[in-house]
Amino acid sequence: MTDDRPDRPDTGAPEGDTATTAETGTPGDAHTLWHGRFADGPSDALLAFSVSLDFDRRLAADDLEGSRAHVAMLAEVGLIDGEERVAIVDALATVEAEMGAGEFVFVPTDEDIHTAIERRVAEIAGPAGAKLHTGRSRNDQITTDLRLFIRREGRAQIRRLLDLQEVLVQRAQEVGDAYLPGYTHLQRAQPVLLAHHLLAHFWALARDVSRWWDALDRVDVSPLGAGALAGSSLPLDPDLTARALGFQFRFANSLDAVGDRDYVAECLFVLALSQVHLSRIGEEITLWASDEFGFVHLADAFSTGSTMITQKKNPYLSEHSPRKAGRLIGNLTGFLATLKGLPLAYNRDLQEDKEPLFDAMDQHALTLDALTGLLATIEFDVERMQSAADGAAVAATDLAEHLVVQGVPFRDAHAIVGKLVRQSLERGIPLAELVETEPSLGKDALPLLEPGAAVRRRTTPGGGGPGPVAVQLEAAQAKLADERARLVD
Ligand code: ARG
């Protein structure tokens, strides 16, 4: 679902064709790919338990790609001849076409996507097809497939992150010098430009993009040629397959090659943390959309109604996206628990890598797309934001800093202004009046209390006033352009 390459075939067959239960056939009728060692076929219960086809069929395109590279290598090193190579490559193309057309028929003993494809290749190519698995194990095959999948899907996730970042930049540009209260402890603290606030989320997402690139670097290792765990007595050339698949590196240790799923855990972490970032954006929008804040109005297209309470317009999307973070955190911690204490090398436990990964990828992609749409259409109630930020007390820090400039130690300045704020609240006197009569402040300090004055005075690099935000906006645009260019490379 997150795959946006047009040339990736779907695995095709309708759900019901997935052979997970006895109703699709009698297991004893068909051969498993390991049938030689066994007098009896697998039980229905075993098949149902071990089958992973319903989720790993998503790796079909990657499995085909890995097989093509493997076959080319087998021919190159003389383990199959030219004719056999052509027969297998043609059969792989037929499989791809069948899957693309939704005509690929799975059989009950197709335990996973690897066995399904290999069985079909053997049916089409005859004896040559039976050579496809030479020197290869599903152990190096699956981790090759998964790395190819992440290499592609990771980039698709980056593209989505950049799209959301772009909306944040556009909206930041559009809102100009509008400002709102900045909060600490969810209490109004100091005003900042709305653009500054939006760009704060931009930088969190920029770190997610950077984390993706790091993770993808470690994904970029070919495990193909490690065999089941120990390499091979056959003259395989893992460098050749690594190059053919466009991997930057080849494994250094065959046990590690098949036993390593760090890269999956790492992607799950990148996804979980990024989802946490989205959850913070979502939660904030939910607050802002409440009557109490009233800072934003959501487009109808990104809101839901209540089945009972007629007047309601719920911020379903922004409200629900934070909950998805829990799910992604669960995917990460669940998978780490699977890995914990696993002895080398491949263990079937590792089959538990795909579902959390696919789920996290899908949920993250859905959230990114939806939040991008929401933020692109959200309406900011600038008047409300600004009037919330124009309360005189929000300028208190500026009054204290005004005293600092005149040589008053900051602690003393803090106490003087703090006392005025308290008196203003207790006695119901406007702060401006008290400021005017306070000898150390006086009339000179009154402009500090003007609407918008406090935000204009935030001038330090990276700060929330118009000067530094203009610089920041340019930096964000440059960052976005760099990342887009990197994605195209
Ligand atoms: N479906 C398996 C997985 O996802 C493929 C590897 C199976 N290897 C084995 N030796 N049974 O991990």
Side-chain angles (χ1 to χ4, degrees), residues 11 13 18-21 27 30-38 41-43 45-67 70 95 104 106-121 132-151 153 219 221-232 241 251 254-265 267-268 331 334-361:
T11 53
T18 307
T20 53
T21 60
H31 283 321
T32 59
L33 291 180
W34 64 80
H35 67 95
R37 162 73 178 75
F38 289 77
S43 71
L46 176 81
L47 271 182
F49 182 76
S50 61
V51 83
S52 56
L53 189 58
D54 30 349
F55 50 87
D56 67 19
R57 57 200 288 177
R58 187 165 175 171
L59 298 172
D62 306 295
D63 202 71
L64 290 165
E65 192 176 342
S67 287
H70 186 65
V95 167
F104 188 94
F106 290 98
V107 303
T109 46
D110 289 342
E111 184 187 329
D112 52 29
I113 192 63
H114 325 295
T115 48
I117 292 178
E118 194 191 328
R119 170 197 49 82
R120 185 71 187 126
V121 166
L132 168 60
H133 213 49
T134 308
R136 189 176 69 170
S137 155
R138 279 185 294 160
N139 299 354
D140 57 347
Q141 189 178 358
I142 179 58
T143 185
T144 304
D145 290 4
L146 206 53
R147 284 174 183 272
L148 290 172
F149 169 83
I150 294 175
R151 192 170 74 178
E153 293 293 332
V219 165
V221 180
S222 176
L224 196 55
L229 74 162
S232 179
T241 39
F251 66 94
S254 59
L255 292 171
D256 184 46
V258 293
D260 167 31
R261 290 295 184 280
D262 291 2
Y263 65 98
V264 175
C267 288
L268 286 171
N331 284 330
F335 186 57
L336 286 173
T338 300
L339 289 182
K340 175 185 153 301
L342 264 195
L344 287 175
Y346 180 84
N347 294 276
R348 197 58 183 266
D349 314 52
L350 295 179
Q351 182 164 295
E352 298 296 320
D353 55 2
K354 283 168 278 302
E355 285 161 296
L357 181 68
F358 293 163
D359 183 63
M361 288 271 201

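We count ligands from 1, going down the list as the structure has it; atoms in each ligand are counted the same way. Along the sequence shown, the residues carry numbers beginning at 1. Model, not experiment: these values are computed from the prediction.
Atoms of ligand 1 lying under 4.0 Å from any heavy atom of Ser52, numbered from 1 in the order shown and given with element: 1 (N). Each of the following atoms of ligand 1 lies closer than 4.0 Å to a heavy atom of Arg348: 11 (N). Listed by atom number, the atoms of ligand 1 under 4.0 Å from Asp112 heavy atoms are 1 (N), 2 (C), 5 (C).
Of the residues listed (Arg58, Gln141, Arg57), the one engaging Asp63 in a side chain to side chain donor-acceptor pair (under 3.5 Å) is Gln141, and it is the only one.
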### Worked verdict on Tyr346 versus Thr143 for side-chain hydrogen bond (donor to acceptor under 3.5 Å, both in side chains)
CA-CA 10 Å; Tyr346 180 84; Thr143 185; over 6 Å; no

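When only non-hydrogen protein atoms are considered, atom 4 (O) of ligand 1 lies nearest to Lys354 NZ, 2.6 Å. Protein heavy atom at the shortest distance from atom 9 (C) of ligand 1 is Asn139 OD1, 3.5 Å. Nearest to atom 6 (C) of ligand 1 among the protein's heavy atoms is Tyr346 OH, 3.3 Å. Distance from atom 11 (N) of ligand 1 to its nearest protein heavy atom, with residue and atom name: Arg138 NH2, 3.3 Å.
Side-chain atoms of Asp140 do not come within 3.5 Å of backbone N or O of Leu224 as any donor-acceptor pair. A donor-acceptor contact shorter than 3.5 Å links the side chain of Asn347 to the backbone of Ala345.
Residue nearest to atom 2 (C) of ligand 1, selected from Gln141, Gln351, Arg261: Gln351 (by heavy-atom distance).
Taking only nitrogen or oxygen atoms, main chain and side chain alike, His114 does not reach within less than 3.5 Å of ligand 1.
Of the N and O atoms on the side chains of Ser67 and Arg136, at least one donor lies less than 3.5 Å from an acceptor on the other residue.
Distances shorter than 4.0 angstrom do not occur between any heavy atom of Glu111 and any atom of ligand 1.
Listed by chain and number, the residues in a ring-ring contact (aromatic ring centres under 6.0 Å, His included) with Phe358 are Phe149 (sequence neighbours excluded). By the salt bridge (Lys or Arg N to Asp or Glu O under 4.0 Å) test, Arg37 pairs with no residue at all, sequence neighbours left out.
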